[in-house]
Every structure is written in C-alpha cells, then in structure tokens.
Amino acid sequence: MLVNPIKRAYLALESWFNVSFGTEWNPMYHLGTLTFFLFWIILVSGLYLFVFFHGSINGAYESVEYITHEQWYVAGVMRSLHRYASDAAIITILLHLFKEFASGRYRGFRWFSWVSGLPIIWLVVTLGITGYWLVWDELAQYVAIGSARLLDSLPIFSSSMTSNFLQGQMTDRFFILIEFLHLLGQPLILFFLLWLHVKRISNVEINPPRGLAMGCFMALVALSLIKPAVSHGPADLSSMPSMLELDWFYLNAYPLMDYWSEGYTWLLATAITVVLMLLPWAPPKKDGPAAVVDLAHCNGCELCFDDCPFEAISVQARTDGAKFEKEVVVDPALCASCGICMGSCPSSNPFRQSEEELKTGIDMPALPVDKVRSLTKEAVAAMSGQANVLLVGCEHGFNVNRLDNDETRGVKLMCSGMLPPSMVEYALKKGADGVMIVGCRHNDCFFRFGNLWIDKRFSGERKPILRKRADRRRIRVFGGSETDKRSIENELKAFRQELLELNKNVIDNVASEDSSDA
Amino acid sequence: MLRAKIRQMLSLNNKVIRYILQAINYSLFMALIWYFSTSPVYRQLADDEAILTISFAHAGEIKEPCVKRTQKELMALPPNMRAPMNCSRERSPIVIEMMFDGEPLYSETAEAPGLYNDSGVDIYHSVKVSAGKHHLAIRMDDSVLKEGFTHVFEQDVDIKPAQILLVGFNPSKGFIVR
C-alpha cells in the first residue's frame, strides 16, 4: 500500500519516539501541551527577570549583565531558561505543524484549528524579537534597526521609524513601548489566540505527562548551566557590529533581508502564510455526513455529549414531549463524522431488534449501526478457520482488509471509537473466536479519543462498558498505522495462538465433562 | 532488524535501555538548541566595511508661487477666509543624489506625502561602503521653481571599519556629517 512519503517520514519519527519514550510519553503525541509547558517556563522565568530588569537605554544592558554575571546562579539560569525554552517552543510548534500536516489533520472540519494556529507562530516569533530587543546589546541594535526597516518598507507609517535608531535619536520611550509589548501586549494576544486555537475541541489538555515535562525541563536546565545565555557588547548606534551570534530560531529573517530586500522578505513571509492558510482547501476535503439524532431512541443520557472530541454535540431540554428530561443536538458544522457518538450510545446494542433494522439514538448516515451489525455478522460467517479473528479497524489507521483470509476478516469503521462494546460480544456470540481492534496507534487517534475511549469502555472506566461476561482473553486492542503491517501481523499471530490454546482447553474441558457424565 | 531487536529488548520491560534512549533524545534536543541559538555566526560586515547612512526629514518648497487675490476674489470668499495671498499646498518633490568617490551611490526622487502632497519627506538610506578616506558629494533639489540643485555639499571623509557615518540635513546649516 502506498503511503505518502511525508507521512511515512513522520510515522518513522513517531515510531522512534515510541521506542524511546513509549506511547504514554511520546513527545510527538504531546507537542501542543509541551509548548504550553514551555510557555509556563518562559512566563515564570520572565517574571523573575523582570524584577531585576531596568527598561531604559542606559539601564537595560547593565541590568542584564547583572542578571547574567552577578546573580548567575538564579537570575542567570532564569535568563538561559527563558531563552532556551523560547527556542524549544519554536521546535515544538514546527513539529506540531509538521505532524498535523503529515497526518492530514488540517483539512475538512480541522480547518479552524489549522488556520487559527498560524497567527500563533508569527506572534511567538515577534514575541522573541521584542525579547531580544530589550537586552539592548549589539544584537538588539541589529534587531531593532532591521525591524524598523521592515516596518518602514510598508506604506503605513508617515515617518521613518529607522531614523529613531540613529546616533543621538534614541529615547527611553521606545523601550517603554517594547517593554509593554513584550511583557503585556503580546502575551495577552497570545493567550487569546491559544484559547481560539483549542476552541473547537473538547477535553482540552494543557499539561504534558509529568515524566515528559520533567525530562524536558531538566534538559533545559542542564543546557542553561552548560551554556549560559550571554549578551553581545553594548549597543552603540555609531557603529555596526560585524559579527553576530544570531538566534536562528527567531532572527532568521534579518540576514535574508540584508541579502535580499525588505520587500522580498515581506513577500516571502506573506506567501508562506497564504499558502499555509489555504492548504486546508487545496483541494477541499469533504467530510462525511454529520451524525443524526433519532429522538425515538435517545433517552438524553449525554454519553455522546461526553465522548464527542470536537464539541459538536450539545444538550438541551426535551422537545418531543417524551418522558426524558434532555435531548442532544448535533451541530453539523462542527461534526467530524467520526462516529464516536454512535459507539457511545447505549441504544447501539446489536442484540436489540435482532430481526429488524437496528435503530439507535445517534447514528452515522454513511455507516449506520445496523450496517455495522450486518457487516460484523457477514464477516464472522465468512470465516472458516480454527481460530477465527474479526479485525475491527478504522479509515485512518491500518487497513484491516489487507489481512482478509479464511480465518481473518476485517470490518472498517470510521474510527475504532465508533464500535459499541456490545458489538464485540455480538461478534463472539456469532462465532468469532476472537476480536482484535486495530485503530490508530495508541494515543494517536485521528479523531483524538477513539482508541482511548475503547480502552476505557473495555476496562469498565467509561460508559457504555463492555460487560464482564465478555471473555477478555478473546479480545485484543492493538493500534497501528498504515506502515505497521508487520507488527500487526505478529500481534495477530500471537493472539491467534492464544485463541487456539483457549479453544483447545474448551474442547478438552467439554470432553472431560462428557467422559465424567458417561 | 535492529528495530526488531530493540523492540524485543524493550518488550522485556528493560527500563534502563528506554532511559538511555530518552537521554540520547534529550541530548539531541539540547544540541539542536545549543547550536542554532547562536550559530552559525552571521557576518554582517567585512573587516574593511562600514555603513554610510543618510537620514533626514525635510519639506520641499511650495510647488507653485503664491498669487495675490484681487478685491473681487476676496469679496467672493467668506469673511474668515479672506487671506490676501492664494498659496497652493502642494510641495515640490525632494530630489537627492549622493556620489561616493565620484561614483553614484544613491539617488532618489521622493514625492511629498499626504493627501495634498503637502507633507515633509523622510529620507533614510543606508549602504555598505569600504572604510578609509573617500570623497562624498551630495546634491539636493527641493524646489521645482528654482533651476538646478538648491543644496550642494562636498566633503572628504575618513571612515573607520564598522563605523556608521551619518549624514543629516538641517535647512539652516545644510548637510552635516557625523
């Protein structure tokens, strides 16, 4: 099966981190929360630095020198942490962007998160730039003049901003402005944009796993001690520094501007932004039809509301006069068509209405629960091996139909979270020896929570639960991507072996019961 | 093969190996930040280079001469607007040319900004030059009503490496080099 080379590269990187960190701590699964964590480090270290910082032309450099050399053991480390956490944030943000792009999580219903994330990148970069400005060393001078040149090239200012950085022209007012921007203005806008960015998702997490956060923090502290952040020489507006140790994470546009021009630099930045902004519609992705509520089978239990990963379901007072207090409503504009709601509905029970069409409280028009039941039934009936395994997969993970044979049959859902737990029991009752759920890689569901909810439903932590009478030895959950065929086959082989043993024990037990009866 | 072997070892729940792999990953992460936070060093100017910057704000002369209003014209105006002279607001563009050792270094014709082209012009231009002794010549025309350049300036300058030689302008003193 052909896999897009960008996705293949991403999956390889993800696999490496899974081997190193395990699926719980894999940084690729926590890039957003890691960035939040880095922002916390930046905020706390920045507040400490602010205590000792003097926001004036004459005081800024000296105060930063005091921070760096006199009080190196706390303030110096804080300064280094402030810088390196900011650099690390650029890495995590770019990896986050790469991951979402490579795994196709930027189109269709996800356009909002993608588009609202792009201004955050630019804001973080400008936040870094104003931070470098405040040190008022030679690098700050270079950044200040370069930024002014960039702004002057736009036809919005009537007078030249660059002329403020000529010898004898600089005033403390500029420092107050930059200080205000860096300490209050930009962080507030960033906070608002972050809120907007996660607005369309539910159960938002902002903290990475503790172990990963600790590891990241310790690495940054170690780097701060090994290579403390230091300043260049003090700014001198009568001369131009020849050599600069640039922070390439933030200041890469300035050399480009030196060699190119301000206009072309703007053009490049604008072109990159516009291309990234338009990516979700190039070409547009058509999501499947939204979930549909059938009030005749809905008792307003709110399980689908709790499980929806994208805030597409809301609860309101009952409108059909039924005895129940509430009902759910789907907003088609927000619905990702993942079907997780269908899997969470207690009415999606295949043992109901066995002789007629199965109806449930919330269903997917593209793949209704009745169709899932009939596909399950047909798949089980089609197997004739000694240990028949029904594979339940999803559209975004490994294609389970690639393993179809006499003793294996795949049923592909929109998301593994779409599977009602009772459907597993149904498959076992209909004759399957085992059911293996092969959704996306563990902790990396395309629809965020599909495999997580499956785990919790099976372990009894989340409704609707898999009943205790279901033989857990005949159920296996093993996530995998398109490139994980070998590991899935190995897991399936081991599972089948266990099933054969189980079947053998059952036959032996029945035989011994028969002989004792005789 | 190697991956399979690593997986096999990890499947034995060998935490030590996992921590070693994590340490390698964190080291790579640190190395990435270590390097790109200051490297590669960017060379902005060669050892023998300096910067010549010309920067000033100046309003060109009124583009058309003022005309004295006739009595009839004055009476046609509201009483509060009966100024004896009728002056246009539009200002002349600023034409500037800079020669460095006899070679053209910079030239610009800057139209007066504003809705009625009646505002002052901001001139800012910065250019790399070689350090050492040079001859600097600047000519500026700020009036379309006068023939030729209205301000001419010439001076020998000795520019040190990395120096920003600043050329300004003051209407009463003319061009100033700092």
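Below, chain A is the first sequence line, B the second, and so on; all start at residue 1.
- For the atom pair CD1 of B:Ile164 and CE of A:Met240, the computed distance is 4.5 Å after rounding to the nearest 0.5 Å.
- If you measure heavy-atom distances from A:Tyr250 to chain B, you find no contacts under 4.5 Å at all.
- For B:Glu64, the CD atom sits in a loose shell: 12 or fewer heavy atoms of surrounding residues, nucleotides or ligands are nearer than 6.0 Å.
- The aromatic rings of B:Tyr42 and A:Trp248 sit perpendicular to each other, their planes meeting at more than 60°, with 30° as the lower class boundary.
- The parts of B:Pro40 that come within reach of chain A are both its backbone and its side chain, each placing non-hydrogen atoms under 4.5 angstrom from that chain.
- Remark: the B:Asn25 side chain and the A:Ser20 side chain contain an N/O donor-acceptor pair separated by less than 3.5 Å.
- Expressed to the nearest 0.5 Å, how far CZ of B:Arg18 lies from CH2 of A:Trp25 amounts to 10.0 Å.
- At a threshold of 4.5 Å between non-hydrogen side-chain atoms, the residues B:Tyr124 and A:Asp152 do not count as touching.
- Within a 6.0 Å radius of CE in B:Met81, no more than 12 heavy atoms belonging to other residues, nucleotides or ligands are found.
- Among the candidates B:Ser27, B:Ser55, B:Ser39, the residue making the largest number of heavy-atom pairs closer than 4.5 Å to chain A is B:Ser39.
- Surrounding NZ of B:Lys160 are at most 12 heavy atoms belonging to other residues, nucleotides or ligands under 6.0 Å away.
- The residue among B:Met30, B:Gln163, B:Gln22 with the most heavy atom pairs within less than 4.5 Å of chain A is B:Gln22.
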Let me see the working for B:Leu21 and A:Trp16 under side chain to side chain contact (heavy atoms under 4.5 Å, CB included), right down to the final yes or no. CA-CA 10 Å; B:Leu21 290 175; A:Trp16 163 250; 3.7 Å; yes
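- Looking at A:Pro241, the atoms closer than 4.5 Å to chain B (heavy atoms on both sides) sit in the backbone and in the side chain alike.
- Proximity to chain B is limited to the side chain of A:Ile91, based on heavy atoms less than 4.5 angstrom apart.
- For the residue pair B:Thr38 / A:Lys227, a side-chain donor-acceptor distance below 3.5 Å is found, with atom types taken as modelled.
- Residues B:Ser37 and A:Phe249 approach most closely at N-CE1, 3.9 Å, considering heavy atoms.
- Chain B forms the most heavy-atom pairs under 4.5 Å with one residue out of A:Asn252, A:Asn490, A:Asp247, and that residue is A:Asp247.
- For A:Ser163, the parts lying under 4.5 angstrom from a heavy atom of chain B are both the backbone and the side chain.
- For B:Ile33, the parts lying under 4.5 angstrom from a heavy atom of chain A are both the backbone and the side chain.
- Within the 4.5 Å cutoff, the side chain of B:Trp34 has heavy atoms near those of the A:Ile226 side chain.
- One distance of note links OH of B:Tyr35 with CG of A:Asp87; it measures 14.0 Å at 0.5 Å rounding.
- Heavy atoms closer than 4.5 Å to chain A are found in both the backbone and the side chain of B:Leu32.
- Taking SG of A:Cys216 as the reference point, atom OH of B:Tyr26 lies at 6.5 Å (rounded to 0.5 Å).
- Proximity to chain B is limited to the backbone of A:Leu237, based on heavy atoms less than 4.5 angstrom apart.
- Neither the backbone nor the side chain of B:Ala57 comes within contact range of chain A; no heavy atom of the residue lies under 4.5 Å from a heavy atom of that chain.
- Atom-to-atom distance recorded for B:Leu45:CG and A:Ser239:OG is 9.5 Å, nearest 0.5 angstrom.
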